[in-house]
Every structure is written in C-alpha cells, then in structure tokens.
Peer 1: 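Could you have a look at this structure, given as structure tokens, before my questions?
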Amino acid sequence: MLEISRRWQEEWYFRGIFEGRVDNSRPKFFITVPYPYVQGPPHIGHGRTFTISDIVARLKRMQGYNVLFPIAWHITGTPIQSVADRISKGDAEIRSLYEWYVGIYVKDKEEASRIIESFKDPWNIAKFFAGHYEEDLKMLGPSIDFTRQFTTGDPEYSSFIIWQYYKLRELGFIAQGKHSVLFAPAEGQAVGEHDIRGGDEINIEMLEFNLVKFRWGDKHLVAATFRPETIFGATNIWINPAATYVEARVNGETWIVSKQAAWKLSYQDKEVKVIREVSGRELLGVQAVNPATGSFLYVLPASFVDDDTGTGVVYSVPAHAPFDYAALMDLAGVDDEFGRIARSISPVGIIRVEGYGEWPAADIVGRMGIRSQGDRGKLEEATKAIYRDEYYSGVMRDNTPFPGIKVSEAKERAVQLLREKGAWDIMYETEPRLIYTRGGNRVIVAVIRDQWFLNYGHPEWKPKIREALESMKIIPSSYRVNFESTVNWLGMRPCARKRGLGTRLPWDNEWIIESLSDSTIYMAFYTVARHVKDGEVSKVLGELASKVIGSNGSDEDSLNKLLSFYDYVFLGKGQPLILPEVARRAREEFSYWYPVDQRHSGIDLVGNHLSFFIAHHAAIFPREMWPRSITLNNFVIRNGQKMSRSLGNVLPLREAVGNYPPDMVRLYVAYEADLENLLDWKDKEVAVVLSRLITFWRVANEIISMPAEPMSEYKPSLPSEWLLNSVDKALLAAPSLIDGMRIREYVLDSFFNMLNAVEVYMELKDELPESKVVLREFLRRWLVLLSPLMPHLTEELWHRLGNSSMLSLEQWIVPAREPSDAVERAVGIVFRTIDDARELLRIKGKANSIHIYVGPSNELYDLVRTISSKIAEGRDVGAIIRELTGDPRFSGIKQRIPDLVRRMISGQLPRDVVDREAEMSAFKYFKRVMERRLGVSVVIHDALNPGSDLGGKARAALPGRPSIFIE
RNA sequence: GCGGGGGUACCCGAGCAUGGUCAAAGGGGGCGGGUUUAGGUCCCGUUGGCGAAGGCCUGCGUGGGUUCAAAUCCCACCCCCCGCCCCA
C-alpha cells in the first residue's frame, strides 16, 4: 500500500493536478493553513491540520470548485536565529536535538554533521527544513499547490511587507513608545521564551512593583510593594542588615535601594548613577517619612527581606502582611535597641474583611501556626490568601482617606495620591525572579523607549475588527468567544524587534518586523506569488525593497514605485509605476481568488495569529475581501502524553507516514477525535485502524476481481437495495458534514459503517443473482465517497475498477433519488433481534435451533404506528388509550391497546416501525447472517401463518419485535 | 480573578443541542473460545448485579428540582484542564 501511495503522489504532483489556475467559468474555493515555521521537521500535529484541510479541499474540488490550497514557509523571527546562535556557541543540547532532526533526513553521520555546522547561519536552517517540509507533506498526499511557495525571507516578500506596513502607517495604526521586555544585560539583547533556560516549561511573567519613596533628609529610601493601599498601615521600614545597598542618583534624586535594584533600574528607562555602597546595617535605626501620612518610621532589620526582589527596602504593614507581622514578632523577642522599638509598635488595621479580625495578618499567622519569618513557604501561602481575600472582598477602614472603598479601587487611589506627592514610581521584576538565558546569563526586565507598536485598539481599527469577526464563520463555534475576548483585549502590540530574521521596518531600519506581525495578510501573496517570483520581477521588487529600507524610507522614488505596484495589485488603486504587465496579471489573479474562503488552523493561534489575520484584513482590504471562515482543530498528544521536545516523544510526520500508508495516517487523525478534542496518537489503536484499512483493501479488491457480468435489467433485492441505499445516504450527507467540519462523523459513516455493511452483504452475495453488479456499482460510489479522506487507495482502486480518469478530479456523485430509510430500519430490526436471541441463548444454555416469528397482522402495524405518532404529538397515556379504543379501525385488537401504549411510552418497544412486508423480507434475506452470528440454525416463520407454533410464540410477535423460540 | 472547556463503566472515549429505542457506540485492557508446534497476529464471544424467555435492580462528579420518563433540561456545590500579549 505504501508503494502504491507513493506512485500516485508522484503522478499527482508530477502532473500538477492541484495547481490552481484562474478559470472564470468555475466558482473558486481558496483554503489556507498557516504556513509552518520551519525550525524543525513537521510532526503528526501538522499532519492533523493538513489532513483535515485537505479533506475539505478535495471534497470542494470534486464538487466542481476551482480549489486553491497553497503553502509557504515561515522563517521570520528569533527562534531560528537563536538556534543558529546556540549552535555557533557549541551548545550540546541544541546540537543533539538537531542531530535527531537532521538524522531523520540524512542518514550519513558525517554529512549530517556538516549540515549542522552550516546551521550557524540561520538561513541554512530555514532552507534545509523548508525543503524537507515539502517532501514530508507530500508523503501525506495533500492536494496542495506547491508551485506558489515562498519563504518570508524572500526579497519580493519583503517588498510586500513594506507595502503592508506603509498602509498601516498611513492609517495611523502604528505607534511608538515605551515598552518592557525580558532582557539579558550580559548579552545586551532582548530574549524570548526560547532563549531562556527551561523557558518552554515555566510561565514567565513580568510583575510591576509600586515604588514608594520615604524621605530621609535629602535622600529617599525607596520601598517596593504590590499593595500601595497599605501605605496607611505602615509602621516601620525593613532592611536586610546583611545585604548591600547603594546611594544612587536616580533621575535627579538620591535613592537608597539595594545594589541589585540599582542595577536593574538602570535598564528600566532610568538614569542611575551609584554614588557609594552602604551596608544594610548602617541604615538601621534611622527614621524616614511616610509620604502618605507624614509620620516618621524607624528602619528595622528583617532577614526575610531579599535584596534581589524589588528594591530590598520594604515598608512594614504588620496588620495585613504576614511576613511583616512575623518579622515584627521575631524582633520583639530580641533584647536590644531594635527589639525595644519593635515592642513599642502596634499594627494598624486599615482594611476590614470578612473572616478576619482587626489584624488579618496576625490571625492567619496564628491559624497556620507560623513560628518565625524563616517559615517562608507558609508565609507565602498566607500572603496569597490574604491578598485574595482583601483584594476581592476587603473594604478600607475609617482611618484611611478612602473609608468604605473597596480594596481593588483603593489601590488605584493610593497610587494616585502618592503620585501627586511625587513619592511614587514603578519597577519591573520577572516571575519567577531568577531566570537565565541558555547561555547562563541573568534575565531581567528592561524598558525600551522607542518600541514600535501596532495599535489594535485604535478607535478606527477595533470596530472594524469586530465587524470582520462577526461576518465570519467560526467552526467549531465554541471558539468564537475566544476570538471575541482576544479582540477585546487587543491593544498596543509590539510589532518589531532588534534581532532575528525578517523584513526591516522600512522607515526605521534598526527594527525587524517580528513574525506574528509579518504573517497577517500573506494569503494575498499566494495569489500573486507565481508572477512576482519570476527572476526579473523578483529582482526589481527586491531592489526597490532594499533601497527603501536602506534609505529609511527617504528614497521616495523607490518607495512610490513599490507602493504603486501593490496598491494596484491588491486594491485596484491608481496605476503601477513599474512592471505594468505583471501587475495586471497579478491583479487579475488576486481578484479571482480572494477573499480567503476558509482558514484552517490549530487552536493555539486563536489568541494571536488568527486574530491578527482578521485585524489586518479589516484594516487594509475592503469588506468583500475579508476572510469568510476560520476552522480549528485541537492538538495531538501521543500515548496519553503531551508531545514535547523535552520528553523526546514528538512524532515526526515522516516517521508516521514512513511506517504506515498515508491513508491510514489520514484516516486515524480524521477519525480518532472531534476537532475540539485532543487527539491521542496511541500506537495500539493505530494498529486497529490499520487492520480495518487492510480489510477495506481486501474487500475492495475482492469486488474488483469478481467477473463483471453485465446485467442490464435487474430488480435489486432487499439487501442490495440496503447496501446501495447506505452509500447513497452517505454521499448525500458527506458534503454538509464536511462543510460543518464534522469530519469524524463523515469518516464514521463513510468508512467504518460502510465497511461493516459491505462485509454483511458479502455474506449474502451468493444468494443474490445481482450481487456482482451491485457490488461494483457500490464500490464505484464508495470510492468517490472516500476519495477526500483516503485519496491514494481510492485512486488505485478506481483505476483497477477500469477507470482511466483521475479520481481526485472526478465529480462528486449526487444520488439520483432520495434514499429511503425504511430498508435500513428493517435491517436494523434483524440485528436487534440477533442481540435478543443471543441473550436468550446465553440464559438457556444449549439450543438446537431458533424459531423466529415475524410479522403480526397489518392491523397491529397500523396501531403501533398510530400510537407512535400520538406519543410524538405529546399526548399522555390516558388520552391515547381513550382515543384508540374508540377507533373502529382497532376494534378487533382493542384489548391490547392499553398494554402496548404503556410499553411504548416506557420505551420497552421500538416506536419506529416499518411495514410488515419489509420486515418479513429483511428476516428472510438475512437468515444466513443470523445463523452465522448465532451459531445455530434459524427458522423464520410468518407469524400469521406459522409452520408450527412452538410455545405459542406466534401470537407474541409485535411489529419491529418478532418473538423468539429456542429449541 | 476573568474567559472557555470538561468530570460517563477497569482505562481511553462517544452520547447531552432535538429527554424515551441507553446498561450507555467504539477502542484498549481482562476473561473464555477458535486458528497456531508455540508465541504474536487474526477471528468470535464476554466484561455492573440478578434472572431457566427477551425481564428486574443499581448506574453517567455531588446534592436538589422539573417530567409519566433525566447521562441528556434547570438550580446549587465540589473537582480537573486550557487561554489571559509581545512567544512562534
């Protein structure tokens, strides 16, 4: 099967049957998947996303749409860059990872090692994996047009991004300002998660501390806190006597903070000049002024104070901060000058909160049995608990300027008040505090002054984003809320960095547009890629791009040329100043394919890329070019575990499609889970699916091998009708299932259920003269039905069946007549009866034969049908019984009415019946099947005219519920 | 905290929108049987309890409620997972 699959892939891609060409006589369908970021090989998760979109693409193609399903490669940003950096530095961890990655493709060790060496240049990483990505994807057989591929580092792509960013700038959606980032001072650069040791496992946050300045002579002791509202309850100031502090000029003032803090602050947009070092001990005993109250506070020693957190200066609020309370108690037990001061201090409660007394911190310290400030774990827990309770349900007391105000609000007011007094500032810290780059250097927060932002919150932008979102279909629809909340909080978003691959910001070329910002409207670029990739054209656009960037946008001539080209192509505005003929063709193609009909993606992109995708379309394109729908699927896990590099259990796509036929991989990922759910790649279950696929292959080939005797006229027997009906029903249902992205149901119906049906039919085929013709016809329709799902095997079988056309390009079959489900229901009764009989056999033990009495009087069928419809109308038991006993039609079986109604209402009897003829016929035809399943001989009797009425069972037969006698 | 999703049998997992045919699909695992020199594969059956005739009892996170009828609808509670920005 593997070999057959490869053969068809070669055939498809060699003949280029999936290449999209403008054809105005046919409706178009433009489907895209986010271009993969090529820092490594694709894995089975990509396989899921691509398979699902390919099922859609293939169905649409068979339905007569001109389908475009393109792909490209994303290389922008810092991850590839930092891999290159790490390889250059000889990082062993990354090297072994890439030995594995490269080893997937290159078996020769030396060769592989040479390739990894070349990865010191990030472009080589991108090129290597982009190339292999294409091969790997092709092994899955997707109907992708690979001729439009590009990378985001191509010169013509840069020219396109330049156009996009000038458009956004014209609209006023780009801003510049201050911004905090994670930063490694020793390396002199901002770092991303992938640059941080353990960065993929931990969740790194940036915390904002409030700084409060306590005047001490002409200097300020600067304390850091998360709870500025507690300033009114401050009783003293804590300093760690063992730590090193500094006196430093900060923005024209003299601050006293820890040495560590001064270092950090110097990166946070502050002018910091250290004058001298001071030991913590020297500061003890001095008095500083609380800026909020004017009272003097002593500086006292506390060991819990960490000079690497905040400023190393803490103002003490023993009533509300467990650490402070514990430290105060500790100190009060010491027999010295500071102990005496501590004993004189009484906590000041300033917040009222239910469940606590006047000093909540004292309560919780007592409750949790905390002994001293050394009890860090418990104290941190206590701090968290108090914070939560006070923040959400606490109210300020009368001894503060904000009596009765909720803590959450008082917080802001306190900041306001301190600000007005010039006693407030801000400082950032990371959480967790101590994080390091992979090179081992400390990471802190730095504030950048001239960061470029996209202002998604712009009053002319956000409403349009909302409008675009509203106009789109989101499937599964449960994700719509996620989009809505993303759009709600979208505001200023940095769009450029100083490191990494990508296009430089054309008017400020120190900056590189980052990867989530240069990947928002590139689907438009697919439509024109064929035209602009051409050597000469590419050269022209590339040169213009580099002139614009090189001149920081001041080369107006180049800029105008570039902008005029894309303005014309994408917006139909003005006339192109360059390449008019190319522009005309590109324009034509863009106008044909756009907008994007469907964008299919993993759910991880909802909160960023997909929302930006909507936003940028809304900003730049007219409404009729806005995307039509977004569809999503969840991740893939493996044997119950998350796939992650650190666990080493990532399943590369090539390994999956190298070991199994591609159709099996497709079948598995499409069937195993609904889109919303995690898909578990379980090795055991993969084997099960494979065995079903083999059965399919065997059955299909058996049908093909049967000599085809033409039979012009035949009357299909009930089983034949049943089989053809089933496939017709599935053919009818599949398009709407796939449109609604109910892929799993489509697979269940079309593959698994159909396979079961045909296996049953095969048991009967020898008794049915028309079976061969029926089976061939069935197979023809079935192959069409399955082609989107498993294109390789169906393509092969299609040809073995004697067709010379390409199944992938065949028309979908729309059944000529409405399939009836009466036959199906009749067959369903047979199978239910088999289950019943089996249970009886089990209880009875041994049996020679089973007698089944089918088909009571037509009168009874009528009655049951009538009861059923009355129940459906919602009548109650009494009413139905009264009505029917009065009905002359049923006068002969009056006495059975109450019992039947009762049993049908309670669900003991099936409500959904067929007529007598169909039911009898089903039992006659399926007798063989019953015997095989039950392992004993089966005798079917007409209940109205039984050959022998064993055990008086004939009279017990009911519609849809034959009676059974075991002998 | 806010927003979203979820708790179903030994395990994974469907069902819930449209209540009844649900002791609850499918798979894994277990058990029994067949094939096999053996093992694996494969095939069949079984896997809440009771039952000598198709039935009864218990049962879908916990506790209530609506209904002739609840895994499914309503209310409250407990627990779990995911997202919450400059990272692709």
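Residue numbering restarts at 1 for every chain, and letters A, B, ... go by the order of the sequence lines.
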Peer 1: Tell me every residue that passes salt bridge (charged side-chain N to carboxylate O under 4.0 Å, His left out) with A:Glu931, counting only those two or more places apart in sequence or in another chain.
Peer 2: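 Listed in chain order: A:Lys927.
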Peer 1: Please state how far atom CG in A:Leu934 lies from atom P in B:G33, giving the value in whole angstrom units.
Peer 2: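 After rounding, the gap between these two atoms is 21 Å.
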Peer 1: Whole Å only: how far is the CG atom of A:Leu610 from the P atom of B:A88?
Peer 2: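 Checked: the CG to P distance equals 16 Å.
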Peer 1: In whole Å, measure the gap between the P atoms of B:C31 and B:U41 for me.
Peer 2: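 Roughly 13 Å separates the two P atoms.
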Peer 1: Mind checking if A:Asp835 touches a base, just sugar-phosphate, or nothing, with heavy atoms under 4.0 Å?
Peer 2: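 No contact at all - A:Asp835 keeps every heavy atom at 4.0 Å or more from the nucleic acid.
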Peer 1: Would you mind classifying the nucleic acid contact of A:Glu672 as base, sugar-phosphate or nothing, using non-hydrogen atoms under 4.0 angstrom?
Peer 2: nothing
Peer 1: Indicate, with a heavy-atom threshold strictly under 4.0 Å, whether A:Val686 touches base, sugar-phosphate, or nothing.
Peer 2: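 Here A:Val686 touches no strand at all.
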Peer 1: If you only use heavy atoms from C-beta on, which nucleotide in B:A88, B:G3, B:C87 is closest to the side chain of A:Tyr37?
Peer 2: B:A88
Peer 1: Under 3.5 Å, which donor-acceptor pairs do the side chains of residues 750-757 of chain A form with other protein atoms, sequence neighbours left out?
Peer 2:
unit_1, atom_1, unit_2, atom_2, d
A:Ser750, OG, A:Tyr746, O, 2.8
A:Asn756, OD1, A:Arg692, NH2, 3.0

Peer 1: Can you tell me, in whole Å, how much space there is between the P of B:C79 and that of B:U62?
Peer 2: 15 Å
Peer 1: Provide the distance between the two C1' atoms, one in B:G20 and one in B:G5, to the nearest whole Å.
Peer 2: 29 Å
Peer 1: Is there a Watson-Crick or G-U wobble partner for B:C42 with both distances under 3.5 Å, and which nucleotide is it?
Peer 2: B:G34
Peer 1: RNA chain B: A:Val481 or A:Cys495, which has the more 5' nearest nucleotide?
Peer 2: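 The 5'-side residue here is A:Val481.
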Peer 1: For A:Glu672, give me all partners under salt bridge (charged side-chain N to carboxylate O under 4.0 Å, His left out), at least two apart in sequence or on another chain.
Peer 2: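 So A:Glu672 forms no salt bridge (charged side-chain N to carboxylate O under 4.0 Å, His left out) with any residue.
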Peer 1: Taking CZ from A:Arg698 and C1' from B:C42, how many angstroms apart are they, rounded to a whole number?
Peer 2: 11 Å
Peer 1: On a whole-Å scale, what distance lies between the C1' atoms belonging to B:C81 and B:G59?
Peer 2: 26 Å
Peer 1: Any strand counts, and the cut-off is 3.5 Å on both contacts for Watson-Crick or G-U wobble. Which nucleotide pairs with B:G3?
Peer 2: B:C82
Peer 1: Do you know the tightest heavy-atom contact between A:Val669 and A:Leu679?
Peer 2: O-CD1, 3.1 Å
Peer 1: Could you tell me the separation between the CZ atom of A:Arg933 and the P atom of B:C43, rounded to a whole number of Å?
Peer 2: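 Distance, rounded to whole Å: 13 Å.
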Peer 1: Roughly, in whole Å, what's the span from CZ in A:Phe483 to C1' in B:G3?
Peer 2: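 One finds 15 Å between C1' of B:G3 and CZ of A:Phe483, rounded.
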Peer 1: Any idea how A:Tyr37 and A:His74 line up, ring-wise: parallel (<30°), tilted (30 to 60°), or perpendicular (>60°)?
Peer 2: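 Correct class here is perpendicular.
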Peer 1: What does the list of N/O pairs under 3.5 Å between the protein and nucleotides 9-12 of chain B look like, with a distance for each?
Peer 2:
unit_1, atom_1, unit_2, atom_2, d
B:C12, O2', A:Lys682, NZ, 2.7

Peer 1: What verdict does the side-chain hydrogen bond (donor to acceptor under 3.5 Å, both in side chains) test give for A:Gln81 and A:Thr78, after you've listed the backbone C-alpha separation in whole Å, the side-chain angles of each residue and the deciding distance to 0.1 Å?
Peer 2: CA-CA 5 Å; A:Gln81 177 82 57; A:Thr78 48; over 6 Å; no
Peer 1: Of all residues at least two apart in sequence or in a different chain, which pass the salt bridge (charged side-chain N to carboxylate O under 4.0 Å, His left out) check with A:Lys642?
Peer 2: none
Peer 1: Look at the side chain of A:Lys684 and decide which nucleotide, out of B:A88, B:G45, B:G28, has an atom nearest to it.
Peer 2: B:G28
Peer 1: Between P on B:C87 and CZ on A:Arg499, what's the gap in Å once rounded to a whole number?
Peer 2: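 Distance, rounded to whole Å: 10 Å.
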Peer 1: Which residues pass the side chain to side chain donor-acceptor pair (under 3.5 Å) test with A:Glu429, sequence neighbours left out?
Peer 2: A:Lys264
Peer 1: Could you verify whether a donor N or O on one side chain and an acceptor N or O on the other, from A:Asn488 and A:Arg466, lie under 3.5 Å apart?
Peer 2: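 Side-chain D/A pair, A:Asn488 to A:Arg466: present.
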Peer 1: Does B:A88 have its OP1 or OP2 closer than 4.0 Å to a side-chain nitrogen or oxygen of A:Ser519?
Peer 2: no
Peer 1: For nucleotides B:C74 and B:C57, find the distance between their P atoms and express it as a whole number of Å.
Peer 2: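 The same atom, P, in both gives a distance of 28 Å.
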Peer 1: Polar-atom pairs under 3.5 Å, protein N or O versus N or O of nucleotides 47-54 of chain B: list them with distances, or write none.
Peer 2:
unit_1, atom_1, unit_2, atom_2, d
B:G51, O6, A:Arg842, NH2, 3.1
B:A53, N6, A:Ile966, N, 3.4
B:A53, N6, A:Ile966, O, 3.0
B:A53, N1, A:Ile964, O, 3.4
B:A53, N1, A:Ile966, N, 3.1
B:G54, O6, A:Ile964, N, 3.1
B:G54, N1, A:Pro962, O, 3.1
B:G54, N2, A:Asp836, OD2, 3.2
B:G54, N2, A:Pro962, O, 3.2

Peer 1: Can you tell me which nucleotide in B:U21, B:G28, B:A88 comes closest to the side chain of A:Val688?
Peer 2: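 Per side-chain heavy atoms of A:Val688, the pick is B:G28.
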Peer 1: With side-chain hydrogen bond (donor to acceptor under 3.5 Å, both in side chains) as the rule and sequence neighbours excluded, what pairs involving residues 175-184 of chain A come up?
Peer 2: A:Lys178-A:Asp269
Peer 1: Distance check, C1' atoms only: B:A9 and B:C44, in whole angstrom units.
Peer 2: 23 Å
Peer 1: Stepwise, does the side-chain hydrogen bond (donor to acceptor under 3.5 Å, both in side chains) test hold for A:Asp683 with A:Asn639?
Peer 2: CA-CA 7 Å; A:Asp683 299 333; A:Asn639 295 321; 3.1 Å; yes
Peer 1: A:Asn482 has a side chain; which of B:G13, B:G4, B:A88 sits nearest to it?
Peer 2: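 The closest nucleotide is B:G4.
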Peer 1: Could you please name the option among B:A88, B:C85, B:A14 that lies closest to any side-chain atom of A:His74?
Peer 2: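 Taking heavy atoms from C-beta onward, the closest nucleotide is B:A88.
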Peer 1: Among residues 744-757 of chain A, which ones have heavy-atom contacts with RNA chain B below 4.0 Å?
Peer 2: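 By residue number: A:Arg744.
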Peer 1: Could you tell me which nucleotide pairs with B:C60 by Watson-Crick or G-U wobble geometry, both distances under 3.5 Å, or answer none if nothing does?
Peer 2: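 WC or wobble partner does not exist here.
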Peer 1: Looking at B:A88, B:G45, B:C84, which one has an atom nearest to any side-chain atom of A:Trp489?
Peer 2: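 When the side chain of A:Trp489 is considered, B:C84 is the closest of B:A88, B:G45, B:C84.
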Peer 1: Applying salt bridge (charged side-chain N to carboxylate O under 4.0 Å, His left out), can you list everything that pairs with A:Asp836, at least two apart in sequence or on another chain?
Peer 2: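 Expected list: A:Arg961.
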Peer 1: Please check the phosphate of B:G27 (OP1 and OP2 only) for any side-chain N or O of A:Arg692 closer than 4.0 Å.
Peer 2: no
Peer 1: Partners of A:Tyr133 by side chain to side chain donor-acceptor pair (under 3.5 Å), sequence neighbours excluded?
Peer 2: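 Side chain to side chain donor-acceptor pair (under 3.5 Å) check on A:Tyr133 returns A:His46.
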Peer 1: Run the side chain to side chain contact (heavy atoms under 4.5 Å, CB included) test against A:Tyr522 and tell me which residues pass, sequence neighbours left out.
Peer 2: A:Pro34, A:Tyr35, A:Phe150, A:Tyr157, A:Phe160, A:Ser519, A:Tyr526, A:Arg599, A:His609
Peer 1: Could you check how far OH of A:Tyr668 sits from C1' of B:G13, rounded to whole Å?
Peer 2: 11 Å
Peer 1: Using a heavy-atom cut-off of under 4.0 Å over every strand shown, decide if A:His179 touches base, sugar-phosphate, or nothing.
Peer 2: base
Peer 1: Could you work out the separation of B:A23 and B:C84 based on their C1' atoms and round it to a whole Å?
Peer 2: 43 Å
Peer 1: Could you state the atom-to-atom distance from CZ of A:Arg832 to P of B:A25 in whole Å?
Peer 2: 15 Å
Peer 1: Taking only N and O in the side chain of A:Ser478, is any of them less than 4.0 Å away from OP1 or OP2 of B:G4?
Peer 2: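 So the side-chain polar atoms of A:Ser478 never come under 4.0 Å of the phosphate oxygens OP1 or OP2 of B:G4.
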